**Student:** 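Sharing a structure below in structure tokens format, with a few things to ask.
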Amino acid sequence: QSQLVESGGALVQPGGSLKLSCVASGFTSDIYAIGWFRQAPGKEREGVACISTTGEICYYTDYVEGRFTVSRDGAKNTVYLQMNSLKPGDTAVYYCAAALTIYYVGGHPGTFQSWGQGTQVTVSS
């Protein structure tokens, strides 16, 4: 059974850090890239970061560049999103998604085919 499972979301104060994890299972050989996306209440889902299965960075949104870092551990089939200097505007449900074709575009959710269930990140004092 193919699936993506996110974890690591929490309530954190402004300026704090979190590390999200996305574990892939059941279809890892079909994956070209893993993207992180987020969706805040009342807003569209937006791309945050993306990394290919060869370790190339395929996307960072300008809003998080310099604060967030995407990385992968191939041996664990896991992609991470290290989030530092968190702001209230980072509050959202964070999803990881897998691109199963070469035609993905980092940051564009419509080009990713398989999605996790999401993990809530809340930045508030």
Side-chain angles (χ1 to χ4, degrees):
Q1 181 180 355
S2 59
Q3 62 176 352
L4 297 171
V5 179
E6 304 99 331
S7 62
L11 170 64
V12 63
Q13 292 188 342
S17 297
L18 283 176
K19 187 173 186 177
L20 306 184
S21 299
C22 171
V23 180
S25 62
F27 67 135
T28 55
S29 62
D30 298 326
I31 297 173
Y32 286 84
I34 294 289
W36 283 101
F37 299 84
R38 66 186 184 186
Q39 189 165 18
K43 294 188 177 180
E44 291 187 356
R45 192 167 296 187
E46 63 175 353
V48 176
C50 170
I51 188 167
S52 74
T53 51
T54 58
E56 295 179 60
I57 303 300
C58 37
Y59 183 77
Y60 276 119
T61 182
D62 289 344
Y63 187 73
V64 307
E65 196 154 13
R67 300 189 296 123
F68 292 10
T69 303
V70 62
S71 62
R72 62 182 290 273
D73 183 334
K76 297 181 178 180
N77 294 321
T78 301
V79 171
Y80 303 98
L81 185 67
Q82 177 67 48
M83 305 187 295
N84 299 327
S85 302
L86 283 161
K87 305 176 182 180
D90 295 317
T91 296
V93 178
Y94 283 71
Y95 301 88
C96 66
L100 305 180
T101 78
I102 63 171
Y103 302 109
Y104 69 93
V105 177
H108 287 253
T111 64
F112 289 74
Q113 290 75 36
S114 182
W115 291 78
Q117 82 289 349
T119 186
Q120 177 71 47
V121 172
T122 303
V123 184
S124 175
S125 55

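Along the sequence shown, residues carry numbers from 1. Only a predicted model underlies this, so the values are computations on that prediction, with no experimental measurement involved.
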**Student:** Given the rule in the side chain to side chain contact (heavy atoms under 4.5 Å, CB included) test, do L100 and I31 qualify, once you have shown the distances and angles that lead to the verdict?
**Tutor:** CA-CA 5 Å; L100 305 180; I31 297 173; 4.0 Å; yes
**Student:** With a 4.5 Å heavy-atom cut-off, do V70 and C50 have their side chains touching?
**Tutor:** no
**Student:** Between atom SG of C96 and atom CD1 of I34, what is the distance when rounded to the nearest 0.5 Å?
**Tutor:** 6.0 Å
**Student:** Out of curiosity, T53 OG1 to Y32 OH, how far, rounded to the nearest 0.5 Å?
**Tutor:** 8.5 Å
**Student:** Can you confirm whether V64 sits close enough to M83 that some side-chain heavy atom of one is under 4.5 Å from a side-chain heavy atom of the other?
**Tutor:** no
**Student:** According to a 4.5 Å side-chain heavy-atom criterion applied to Ile, Leu, Val, Met, Phe, Trp and Tyr, with indirect links allowed, do V123 and L20 form part of one hydrophobic cluster?
**Tutor:** yes
**Student:** Same cluster for W36 and Y80 if Ile/Leu/Val/Met/Phe/Trp/Tyr side chains link at under 4.5 Å?
**Tutor:** no
**Student:** Answer whether the closest heavy-atom distance between the side chains of T69 and L81 falls below 4.5 Å.
**Tutor:** no
**Student:** Under 3.5 Å, is there a donor-acceptor pair between the T54 and S52 side chains?
**Tutor:** yes
**Student:** Are Q120 and L11 packed together at the side-chain level, in the sense that at least one heavy-atom pair is separated by less than 4.5 angstrom?
**Tutor:** no
**Student:** Using the rule that Ile, Leu, Val, Met, Phe, Trp and Tyr join whenever any side-chain heavy atoms are under 4.5 Å apart, tell me whether V105 and Y103 fall into a single cluster.
**Tutor:** no
**Student:** Is there side-chain contact between F68 and L86, with at least one heavy-atom pair below 4.5 Å?
**Tutor:** yes
**Student:** So if you build clusters from Ile, Leu, Val, Met, Phe, Trp, Tyr with side-chain heavy-atom gaps below 4.5 Å, do V5 and L18 land together?
**Tutor:** no
**Student:** Please report the closest heavy-atom contact between G8 and T119, naming both atoms and the distance.
**Tutor:** N-OG1, 4.1 Å
**Student:** For the pair F37 and F112, name the ring-plane relationship: parallel under 30°, tilted 30 to 60°, perpendicular over 60°.
**Tutor:** perpendicular
**Student:** Evaluate the side-chain proximity of K87 to Y63: yes if any heavy-atom separation is below 4.5 Å, no if none is.
**Tutor:** yes
**Student:** Measuring from T111:OG1 to I102:CD1, what's the distance to the nearest 0.5 Å?
**Tutor:** 12.0 Å
**Student:** Examine V93 and W115 and state if one hydrophobic cluster contains both, with Ile, Leu, Val, Met, Phe, Trp and Tyr joined whenever side-chain heavy atoms are less than 4.5 Å apart.
**Tutor:** yes
**Student:** Heavy atoms only: give me the nearest K43-Q39 pair and the separation to one decimal.
**Tutor:** O-NE2, 3.1 Å
**Student:** Could you tell me the separation between the CD atom of E56 and the CZ atom of R72, rounded to the nearest 0.5 Å?
**Tutor:** 10.5 Å
**Student:** Quick one: OG1 on T78 to CG on L4, what's the gap to the nearest 0.5 Å?
**Tutor:** 10.5 Å
**Student:** Working to the nearest 0.5 angstrom, can you tell me the gap between R67 CZ and T61 OG1?
**Tutor:** 9.5 Å
**Student:** Is it true that a side-chain atom of Q117 and a backbone atom of E6 form a donor plus acceptor pair closer than 3.5 Å?
**Tutor:** yes
**Student:** Please tell me if the side chains of R38 and V121 come closer than 4.5 Å, counting only heavy atoms from C-beta onward.
**Tutor:** no
**Student:** Looking at side-chain heavy atoms only, is the closest gap between Y95 and P109 below 4.5 Å?
**Tutor:** no
